4 protein chains.
Amino acid sequence: MDTNSDLSNKPSVEELVEKYANGEIKAYEIEKHVNPNKAAEIRLKGLEKKYNKRFDNLKVYSILPQNCGPNIENMIGAIQVPLGIAGPVKIKGEYSIGEFHIPLSTTEGTLVASVNRGCSVINKSGGAKVVILKSGQTRSVLFKSKSVIESKKFVDWVKENIDLLKKEAKAEERFIEIDDIETFILGTTVWLRLIANTNDAMGMNMVTIAGKRIGDYISENYSDIEFVSESGNMCIDKKPSALTMIKGRGKKVSAEVMIPNKVIEKYLKTTAEKLIDLNYRKNMLGSAMSGSLGYNAHFANIVAAMFLATGQDMAHTVDGSIGFTTIEKVDDGVLFGVTISSLQVGTVGGGTGVATQKECLDLLGVAGPGEPTGDNSKKLAEIVATAVLAGEISLLGAQAAKHLTRAHLKHNR
Amino acid sequence: MDTNSDLSNKPSVEELVEKYANGEIKAYEIEKHVNPNKAAEIRLKGLEKKYNKRFDNLKVYSILPQNCGPNIENMIGAIQVPLGIAGPVKIKGEYSIGEFHIPLSTTEGTLVASVNRGCSVINKSGGAKVVILKSGQTRSVLFKSKSVIESKKFVDWVKENIDLLKKEAKAEERFIEIDDIETFILGTTVWLRLIANTNDAMGMNMVTIAGKRIGDYISENYSDIEFVSESGNMCIDKKPSALTMIKGRGKKVSAEVMIPNKVIEKYLKTTAEKLIDLNYRKNMLGSAMSGSLGYNAHFANIVAAMFLATGQDMAHTVDGSIGFTTIEKVDDGVLFGVTISSLQVGTVGGGTGVATQKECLDLLGVAGPGEPTGDNSKKLAEIVATAVLAGEISLLGAQAAKHLTRAHLKHNR
Amino acid sequence: MDTNSDLSNKPSVEELVEKYANGEIKAYEIEKHVNPNKAAEIRLKGLEKKYNKRFDNLKVYSILPQNCGPNIENMIGAIQVPLGIAGPVKIKGEYSIGEFHIPLSTTEGTLVASVNRGCSVINKSGGAKVVILKSGQTRSVLFKSKSVIESKKFVDWVKENIDLLKKEAKAEERFIEIDDIETFILGTTVWLRLIANTNDAMGMNMVTIAGKRIGDYISENYSDIEFVSESGNMCIDKKPSALTMIKGRGKKVSAEVMIPNKVIEKYLKTTAEKLIDLNYRKNMLGSAMSGSLGYNAHFANIVAAMFLATGQDMAHTVDGSIGFTTIEKVDDGVLFGVTISSLQVGTVGGGTGVATQKECLDLLGVAGPGEPTGDNSKKLAEIVATAVLAGEISLLGAQAAKHLTRAHLKHNR
Amino acid sequence: MDTNSDLSNKPSVEELVEKYANGEIKAYEIEKHVNPNKAAEIRLKGLEKKYNKRFDNLKVYSILPQNCGPNIENMIGAIQVPLGIAGPVKIKGEYSIGEFHIPLSTTEGTLVASVNRGCSVINKSGGAKVVILKSGQTRSVLFKSKSVIESKKFVDWVKENIDLLKKEAKAEERFIEIDDIETFILGTTVWLRLIANTNDAMGMNMVTIAGKRIGDYISENYSDIEFVSESGNMCIDKKPSALTMIKGRGKKVSAEVMIPNKVIEKYLKTTAEKLIDLNYRKNMLGSAMSGSLGYNAHFANIVAAMFLATGQDMAHTVDGSIGFTTIEKVDDGVLFGVTISSLQVGTVGGGTGVATQKECLDLLGVAGPGEPTGDNSKKLAEIVATAVLAGEISLLGAQAAKHLTRAHLKHNR
């Protein structure tokens, strides 16, 4: 073989840029010729050339393409999102105990300031109590039968063989435990809904693999049923649902704080009565009348900002928007609580390994697997829930005191 | 006054770092002493000191704190999220016509590759048709009366004075037009729901201000009613709701493509029948049985990744998850469509001015206000809808062909 | 023709009984030989013969088959349901003013006693205020297009021709007025939702006919659209839905009463605080957490019993179960209110002409058309709403005082 | 004691009528003076006198007030509702095997004829297969704690003591078995949701009593928790809910039939394609878009008519409206199925003992307790589900063939 001709055949960076710009080579083919870091550069330059524009900021990053393999394809650069800090806030959870600074990555002005104010109120009130009410990742495997009679038979068989199926599902996974398999029938459609302990991983991929294994096993061992898909939307992931609200999913977490009247008056400039009335009319009646699953003011804002900072899957903001803010009169003030039906968090896997995100996890003391395993993701869930509590206190306080618009006007136009 | 002593009183950077680390100075007080860029450095160093850790990557950014004022408070750095590119994809919309590269910022492995594959299928099928079915931002202003009888009287008055109220609401805003004010009564609770044209801005802040003005005007001009809040959750923003699904909000957009059988077989490795059956059992029956508002596979994934790339409000991923994927048999293949009930996008304001995000908008040719105004946000909505269509085609294709898990296994563990 | 042989061919009653019992003649063929009253007898005897049983009570009725033609086919007799009386209750409505006895037909022990107690509480509190918030019957006509682009064009055409369509829809109907036609698009599916004033009739049939006319008109005058069905479930009739809760349908009605503390204590044996707390936890939180559209205790019980007594369509109990019970603190007691999203009532047509039902309408002073037309159905709606209010007061009072079970134990086992 | 004066004090019937008409005696006080049969007469006469009207038909009944004690208070007479007969229909269930005549009591013209046509189609197709997917009555007992932390502790205690609680709940009931106790937490609110086997009774009262027992037991044996109510709307009874759709309640039943193309064409005058398309656009897309829980055409009509005929609780029509109609292509026709999420039926207790209703149960061979106990209510559930199937086949067939309106026009105006 003539190495010279070989060398001469190897396209130069300029050639690759040109070819990508012209569409003669596909984005994902560039890595065949150069390393990932160079490939990202080439693609970005190609786009600059094609569109005759400059993308100077997209080039600025410390997260190297060579390390982002598990997270992205066809990388061209990085998006920078401002990161702000709120707190510290005092937490009295089961896994998170002490004071924590809250990293929030967002472009929505006033959000960090608002959470910060909520943290102050929590601190003045002695700290937030937090508890994880449920923990389990779910995936519903989809089957098709020839008749509802067959569906029933199949489900009966599943119930009889549940231990075997659980074992089969986790066969090649060290870090997953199948806690339960629920069954649902709708005519010829059957769902097996796996509920799994995925420890410190958010774990959707793990449980999908487990679902696939179950589907394959059943295909081989049970006739008269067709394995349609690893996911049949009774999971239900990244789509809002009553099922998620009712049963909880991922981590179902509650945080609460008793805010004394004097704190309400001094720091929130309102009263217990006004807070309770606002919550009743807005978060209860308004959400009910709109057919909503989010009986709260803005869980999603805080969930999104913390998820971005800590490398969570941003599409899970959807799940994190489901839940309740409750404000109830107690002797000397109000008991202010949030219940988040589905916090999908992990401290290993997914985006948690990206350098900036990992640093935020590190700031919270939850980077990587916990000891024992699972504790870090639970700790993170408790911290996010507390931040959500802070966000609700601040926004509802502002609305009750009627200076929301002024706050927005000052910070952000 | 002795300027010397004044100078000598001015704390040094090291002192500020120390004080912030010790909690002697609050995060937001630092800008009193130094400029925003320096303040961000100080806060980050303070956290490093306090927690005895290093946050080297959070320091890497080109988006200067001095420019991020409208987007964040207490800035300490930036989160970097990998940016990948899919496409180009051929779009035949009303506002977006031609081929577009799709920027996606995510840490979920396989997502860019998946959208890219969907774009290919769309191109092989002749391009996607897109249409905006509705456009209008909403905010519900909350009132309280003494009796449902009073509620009814108040609403009658509002209906009689609607033109006056519309005019009042937009008084100080050049870029907003109040299209309608809907009314809802539940006993003593009344909502006035503004529907506004906010042109190229996503516009929640604008319409909140309009709501506040209406509330204040009514407080002064109508007795026997209490203005409770600018937002009463019949808007309903960043919370999933049937109201949003039924009426649409922000931009309601549909994208569709007729995929010929030969494209289905060659590129998706499945058949029209399997696609239709999967969509029926998963996205219709599964979503219905789980009480979901998301009759789709993963709208939220693509919405989140494009929102992150283009500077949208990430909490609006919630709204973008609501909608339908439909797959229907036509002569030679399937008509594959997506209908997104609420895309909340803008090309001015919010995060659209952050440097990296602005470059992505620029890549799509939609940075800043359109000509005429409003056209850029509509163009962006059409592009996002097409990307969502691509994402659905690819994921459902993979599930119908049963290689979803394999795809995940290869890319991301 | 030989009349003798004709006569001899005419089957005797005994022969018909025999034939029906044996399945040699179908139920609906019997009227070919005898009059309706005799036909009903024959069918019942046929069943007695076939099953060798006696149905002595089914034979007891004063509502003659010859008069029940519009209401039933294959009549064999009548079901008797006990009718009880509650009240009188004092109503201060717009259409119903004064004292009314409430007829309730039910087999659920304690229901009449419970409503009766609620009426007492209302009377002791000065009477109930009632208001109709909305009135309009709906039907959604279903169309199918070839593309969402075509759907949009069609809807644009509908909007341009709306007056013409409204006129067309009511062409042959004296008693219907089309107030509005709403449009909804989901890909290739389009709904035109008629909202009609049907005066004193419940009116579903009228509006169905109007829908059919619109469908036929469009079929003839607009190409590229297929008229699929007169009803496309965006009406949505006899199925629970958020749409109905949000928009109201038929009659949306509210009733309320201010119950003084002393009445709460003396007659309900509980306190304002307990009532409010129970309503919050049960009717708000419980209903929300279960993904319900019924934020109330038992609207359906009272609606069903009054509908049965007054000849309404019993399947509309479903619609009448949607709505809210609100209990709010006021100076000297509580403001207790109910908002029923969809009361489907009429005083002409349907079962309102059956003799016993007509007598109950007569008792309430609402038999037949009102003067002006429409007033009787509104008056009836106000009375039903008041009865529902009474039912909620009594049941929630009992639960707050914790003697629900005892009440059931005493009356019914 | 002077019996003479006693006798002279005893009010005559005329006096009682007069007093009741004048409001000098309350409805329920009349039984103190006369027997129930006479009391009903007196009340009705009193109303005739007061309103100067005649209620001749309300007087016609064979169900004697003396026997209606468990079903009604303040009885004044009876409502007569026409009873029609459909079928026979061939059923291949687990509990109902053979041919059954379907009694339907309704005032909605065409309903009996429609179900009858559906029965024909089922018979021509070989009969309906039916299966009970779930059976269990539910009641959620409501508690209140001082903190979500306390809620969690309480629920942990309940889980540890679940066997003891189950035993306690059923203490005095022979005919109830507590299968499970589910727990739900929302901040300070806790629900214990009992799932019970109530055999041939519909059983809401039984399970309410069980709930009350559990509440009382906990009040005495667990401090720091307040027992608020026997019912906290997580049951959830007589209100539509996603919870009921997801989990099933009472009896969850499916019925299905494979209808060959030739039967579709000959008897329904339409095609498999049209049926499937109509079901997809109306019952899937239409119901989804309206935020409905009823993915069907008119379950409620058939449920209401059979419930009325067989003495069920009419308010449970609400629960019976929740569920799915599915139509799927099979080789030679369609598989037409219905899944009813919650059929609340019993053959003992409630209205099942009223004479006419009992005769309808007798007609179906399900009057009174089954052998073994529980079998009769299951048999009845299967028959109702088959009737619902017949109703869906007929109405959807008519709509697909577009002669719904004509049918209504002919029978009922």
Side-chain angles (χ1 to χ4, degrees), chain A residues 55 57-58 60-63 68 70-85 105 107 109 112-113 189 205 209 212 229 232-234 236 238-243 281-282 285-287 290-294 300-301 304 314-315 317-318 321 351 355-356 359 399 405 408 412, chain B residues 55 57-58 60-63 68 70-85 105 107 109 112-113 189 205 209 212 229 232-234 236 238-243 281-282 285-287 290-294 300-301 304 314-315 317-318 321 351 355-356 359 399 405 408 412:
Chain A
F55 304 126
N57 289 281
L58 296 179
V60 178
Y61 48 82
S62 62
I63 52 167
C68 290
N71 300 111
I72 198 97
E73 299 83 43
N74 300 348
M75 185 163 169
I76 60 171
I79 290 292
Q80 299 170 42
V81 188
L83 177 68
I85 198 83
S105 185
T107 59
V112 175
T189 307
N205 285 351
I209 293 162
K212 178 72 162 54
S229 168
N233 279 21
M234 284 287 289
I236 174 177
K238 301 177 178 175
K239 273 91 63 185
S241 83
L243 179 62
R281 291 180 198 275
K282 172 191 173 79
L285 298 186
S287 291
S290 61
S292 179
L293 301 161
N301 273 332
M314 294 310 295
T317 304
V318 175
S321 72
T356 44
E359 288 178 3
Q399 287 193 7
T405 318
H408 264 290
N412 180 18
Chain B
F55 304 126
N57 290 281
L58 296 179
V60 179
Y61 47 80
S62 63
I63 52 166
C68 290
N71 300 112
I72 198 95
E73 301 82 45
N74 300 348
M75 186 163 168
I76 60 170
I79 290 292
Q80 300 170 42
V81 187
L83 177 68
I85 199 82
S105 185
T107 58
V112 175
T189 307
N205 284 351
I209 294 162
K212 178 71 163 55
S229 169
N233 279 20
M234 284 287 289
I236 175 177
K238 300 177 180 175
K239 273 90 65 185
S241 82
L243 179 62
R281 291 180 199 274
K282 172 191 173 78
L285 298 187
S287 291
S290 61
S292 178
L293 301 161
N301 273 333
M314 294 311 295
T317 304
V318 175
S321 72
T356 45
E359 287 177 3
Q399 289 193 6
T405 318
H408 264 288
N412 181 19

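Nothing here was measured: the structure is a model prediction, and the numbers come from that model. The chains referred to below are lettered A, B, ... by the order of the sequence lines, with proteins before strands, and numbering in each begins at 1.
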Do any N or O atoms from the side chain of Q80(A) and from the backbone of T356(B) form a donor-acceptor pair under 3.5 angstrom?
->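 A pair under 3.5 Å: no.
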Check: I85(A) main-chain N/O paired with N74(B) side-chain donor or acceptor under 3.5 Å |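 Flag set: sc N74(B) to bb I85(A) pair under 3.5 Å.
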Heavy-atom pairs under 4.5 Å with chain A are the metric here; pick the option from V112(B), L293(B), N57(B), L243(B) that has the most.
->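 The option with the most such pairs is N57(B).
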Pick whichever of A315(B), G291(B), S321(B), S290(B) has the most heavy-atom pairs under 4.5 Å with chain A.
->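 Among the listed options, the one with the most contacts to chain A is S290(B).
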Do you know which of [options] has the most heavy-atom pairs with chain B at a distance under 4.5 angstrom?
options                            : answer
E359(A), K238(A), K239(A), M314(A) : E359(A)
G294(A), C68(A), S287(A), S241(A)  : S241(A)
L83(A), V60(A), L58(A), V81(A)     : L83(A)
I63(A), L285(A), T317(A), I236(A)  : I63(A)
S292(A), A355(A), G351(A)          : S292(A)
G286(A), A300(A), A242(A)          : G286(A)

Please name the pair of heavy atoms, one in G77(A) and one in Y61(A), separated by the smallest distance, quoted to 0.1 Å.
->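 Answer, listing the atom of G77(A) first, then Y61(A): CA-CE2, 3.4 Å.
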Return the minimal non-hydrogen interatomic distance between P82(B) and M75(A), and the atom names on each side.
->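 So the minimum-distance heavy-atom pair works out to CB-SD, 4.1 Å.
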Output the distance between atom CZ (R281(B)) and atom OG1 (T189(A)), rounded to the nearest 0.5 Å.
->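 One finds 4.0 Å between CZ of R281(B) and OG1 of T189(A).
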Is chain A contacted by the side chain of A304(B), its backbone, both, or neither, given a heavy-atom distance below 4.5 Å?
->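 The side chain, not the backbone.
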